[in-house]
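I have placed the structure first, in the form of structure tokens, so that the comments after it can refer back to it.
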Number of protein chains: 2
Amino acid sequence: MREETKKIACSNCSSRTSCIPTGWGEAHLRQIDNLISSRRSIRRGGVLFYNGEPFSALYAIRTGFFKTSLGTEDGRAQVTGFQMAGEIIGLDGIVNARHTCDEIALEDADVCVMPYDRIEDISREVVAFQRHIHRLMSREIVREHRVVLLLGSMRAEERLAAFLLDLMQRLQARGFSNSELILRMTREEIGSYLGLKLETVSRTFSRFAQEGLIEVRQRHIQIRDGQALSQRGYRQICY
Amino acid sequence: MREETKKIACSNCSSRTSCIPTGWGEAHLRQIDNLISSRRSIRRGGVLFYNGEPFSALYAIRTGFFKTSLGTEDGRAQVTGFQMAGEIIGLDGIVNARHTCDEIALEDADVCVMPYDRIEDISREVVAFQRHIHRLMSREIVREHRVVLLLGSMRAEERLAAFLLDLMQRLQARGFSNSELILRMTREEIGSYLGLKLETVSRTFSRFAQEGLIEVRQRHIQIRDGQALSQRGYRQICY
DNA sequence: CGACCGTTTGATAGTGCTCAATTCAAGTGG
DNA sequence: CCACTTGAATTGAGCACTATCAAACGGTCG
């Protein structure tokens, strides 16, 4: 799994708005430019970091799609989340200076490496950046809350609908179509994430299709009736 | 629900070690002493903060026991966690400056109020404190990961066993017995947290008791065979 | 083209849920 | 002090949803 390393700054990065939003004064831009140490390219199926691996940096996804996977003692594994461009990953490693999950690329990906000690330094100097980091972590906590809600109180249909709606929303926020998406993960990975078996995922897709809610061609999903889909899956909290 | 407010400093707090660990130089103790603005006492059943309420502070639990509860659009609610003395709550509110869940006392409780702007200030001045806050948030993320794993891949028996073991471990870390505990929550709240119905929780308790793993008298639980219990529930990741 | 992986679909079994009745513990008020 | 009320917990019977096992299909890539 070959990986390349490049040198780059945030100030002239095209996707800056998504991961490090605007709003710093010009004065601080130079400090922010010191944030990224390098980039890494990960091939499809490649691993960004392993469970147990020493923690040293957070990563901003520039392109590509990742899954977060957690192993259990008895050999089972569960997907605990999917990440796409613009999102920051690796926050789990801060507590014990070790990562506690595997981060695996579902397609060829590029990430910016943000060494944690630099994050600490800049946080102390740039108030807006400090707040940004806190908000990132807090957002992650809130997101996980919603996953817990999903896994703890929804049925298969509701879970899958909520999953599709969540994906759609995140893609739409990144400028993609709001009625069409291509799944980057297998049915098994979706099932693992939703606490279902792959057969159940497949069946539920078929049922949705039969009822005219969506159109399914392999991993290509077309939303036909977003309204109805919402009614099935959107039990999420509004905030 | 009457609540009292008192003024106090961390440096001479008996339970300091649990929420704000030692290790700051003497020089910084005075800054830390400025962290707590007041204390609040919450009666059993009282609410520390509501979903939607403006966020202004984190809270350190001095005494008492809380549950975190999330409401769904269609009126259902789910418990997403239980918190005990020494733990820090309210981290969910940072992202959007509003709390996204309800925090409810399961027994009379006392909390220290830590205004968020003071946390920001001290974080910038005391490196060890900054790191402490980051670790708190990261720990919360890792904990939630484990809950997701529990809900997504364990069966009723495993869930309840893991739940008991987790509680025991946290109580033991606080100096309580490692073979005996009193549940502060109802079967329904346990069920909600574990993604089960209260009847299932009750039945599973009974089964454990029948098999000699534990002894159940209402909310009083006696561990008889922790080893066996571990084998049932401990599929958690080791880290 | 053929092999392989992922997906779909069917039949059956099992786990946990629903509905309902009963027991238990702790107040509450006469 | 005891009958009464109330909320929580236990237990049972039947059912619904999802898992499991199994087979067939389809797209992709060597």
Side-chain angles (χ1 to χ4, degrees), chain A residues 43-45 65 67 76-79 104 106-108 150-164 181-211 214-222 232-233 235, chain B residues 43-45 65 67 76 78-79 104 106-107 150-164 181-211 214-222 232-233 235:
Chain A
R43 287 293 176 77
R44 180 175 171 217
F65 207 94
K67 70 171 176 183
R76 290 185 290 188
Q78 167 150 9
V79 174
I104 297 163
L106 293 178
E107 58 181 6
D108 291 359
L150 181 145
L151 289 174
S153 71
M154 289 178 156
R155 300 179 319 160
E157 263 193 9
E158 302 173 316
R159 293 184 195 191
L160 193 62
F163 169 73
L164 286 176
L181 77 161
I182 294 176
L183 299 172
R184 291 321 195 315
M185 67 294 280
T186 67
R187 301 287 191 262
E188 184 166 22
E189 285 161 335
I190 296 174
S192 175
Y193 176 61
L194 298 176
L196 303 169
K197 290 295 156 184
L198 69 95
E199 293 97 327
T200 304
V201 173
S202 180
R203 270 185 248 275
T204 308
F205 268 134
S206 299
R207 199 175 323 136
F208 281 171
Q210 215 169 4
E211 298 174 14
I214 61 176
E215 213 170 278
V216 183
R217 284 199 321 278
Q218 297 294 122
R219 300 197 181 177
H220 189 108
I221 307 286
Q222 181 88 240
R232 304 238 181 176
R235 312 216 166 177
Chain B
R43 288 292 175 79
R44 180 175 171 214
F65 208 94
K67 70 171 176 183
R76 290 185 291 187
Q78 167 150 9
V79 174
I104 298 163
L106 293 178
E107 59 182 4
L150 182 145
L151 290 173
S153 72
M154 289 178 155
R155 301 181 319 159
E157 262 194 9
E158 302 173 318
R159 293 185 197 191
L160 194 62
F163 169 73
L164 285 176
L181 78 160
I182 293 176
L183 299 172
R184 291 324 199 304
M185 67 295 278
T186 66
R187 302 286 191 262
E188 183 167 23
E189 286 162 336
I190 297 173
S192 175
Y193 177 61
L194 298 177
L196 302 170
K197 290 295 156 185
L198 69 95
E199 294 95 329
T200 304
V201 173
S202 180
R203 270 185 248 275
T204 309
F205 268 134
S206 299
R207 199 175 319 136
F208 281 171
Q210 216 168 6
E211 298 175 13
I214 61 176
E215 212 171 280
V216 184
R217 284 197 322 279
Q218 297 294 122
R219 299 195 182 178
H220 190 108
I221 306 286
Q222 181 88 240
R232 303 237 181 175
R235 312 216 165 180

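The basis for the numbers below is simple: all heavy atoms, side chains too, and nothing from hydrogens, waters or symmetry mates. Reminder, nothing fancy here: chain letters follow the sequence lines and each chain counts from 1.
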Rounded to whole Å, please give me the gap between CD1 in A:Ile214 and C1' in C:dT8.
14 Å
Contacted region of DNA chain D by chain B, from 5' end to 3' end of the hits, cut-off under 4.0 Å to heavy atoms, spans D:dA8 to D:dA13
Please round to the nearest 0.5 Å and tell me the distance separating atom CG of B:Leu164 and atom CG of B:Leu183.
7.0 Å
Taking only residues two or more places apart in sequence or in another chain, which ones pass side-chain hydrogen bond (donor to acceptor under 3.5 Å, both in side chains) with A:Gln222?
none
When the axes are fitted on five pairs at both termini, how much does the helix from C:dC1-D:dG30 to C:dG30-D:dC1 curve, in 10° steps?
30°
To the nearest angstrom, how far is B:Met154 atom CE from C:dG16 atom P?
13 Å
Anything under 3.5 Å between a donor and an acceptor, one on a side chain of residues 198-209 of chain A, the other on a protein residue two or more places apart or in another chain? List them.
residue  : atom : partner  : partner atom : Å
A:Thr204 : OG1  : A:Thr200 : O            : 2.6
A:Ser206 : OG   : A:Ser202 : O            : 3.1
A:Arg207 : NH1  : A:Glu157 : OE2          : 3.0

At under 4.0 Å between heavy atoms, how does the protein contact nucleotides 17-24 of chain C? Give one character per nucleotide, 5' to 3', with B, S or -.
SBBB----
Taking only distance into account, with no hydrogens and no angle test, what donor-acceptor pairs under 3.5 Å do side-chain atoms of residues 186-197 of chain A form with protein atoms, sequence neighbours excluded?
residue  : atom : partner  : partner atom : Å
A:Thr186 : OG1  : A:Glu188 : N            : 3.3
A:Thr186 : OG1  : A:Glu189 : N            : 3.0
A:Thr186 : OG1  : A:Glu189 : OE1          : 3.4
A:Arg187 : NH2  : A:Gln218 : O            : 2.8
A:Glu189 : OE1  : A:Thr186 : N            : 2.9
A:Glu189 : OE2  : A:Lys67  : NZ           : 2.9
A:Ser192 : OG   : A:Val79  : N            : 2.8

In whole angstroms, the gap separating P of C:dT8 from CG of A:Leu198 amounts to 9 Å
Could you state the interatomic distance from CZ (A:Arg44) to CG (A:Asp108), rounded to the nearest 0.5 Å?
8.5 Å
Checking all strands, does B:Ser202 fall into the base, sugar-phosphate, or nothing category for heavy-atom contacts under 4.0 angstrom?
base
A:Ile221 side chain reached by A:Ile182 side chain, heavy atoms, under 4.5 Å:
no
Determine whether B:Leu150 and B:Glu158 make a side-chain contact, defined as any pair of heavy atoms from C-beta on separated by less than 4.5 Å.
no
Atom pair distance, as rounded to whole Å: CZ in B:Phe205 and C1' in C:dG16
16 Å
Just how far is it from atom CG of A:Leu151 to atom CD of B:Gln78, taken to the nearest 0.5 Å?
8.5 Å
Do any side-chain nitrogens or oxygens of B:Arg219 fall under 4.0 Å of OP1 or OP2 in C:dA25?
no
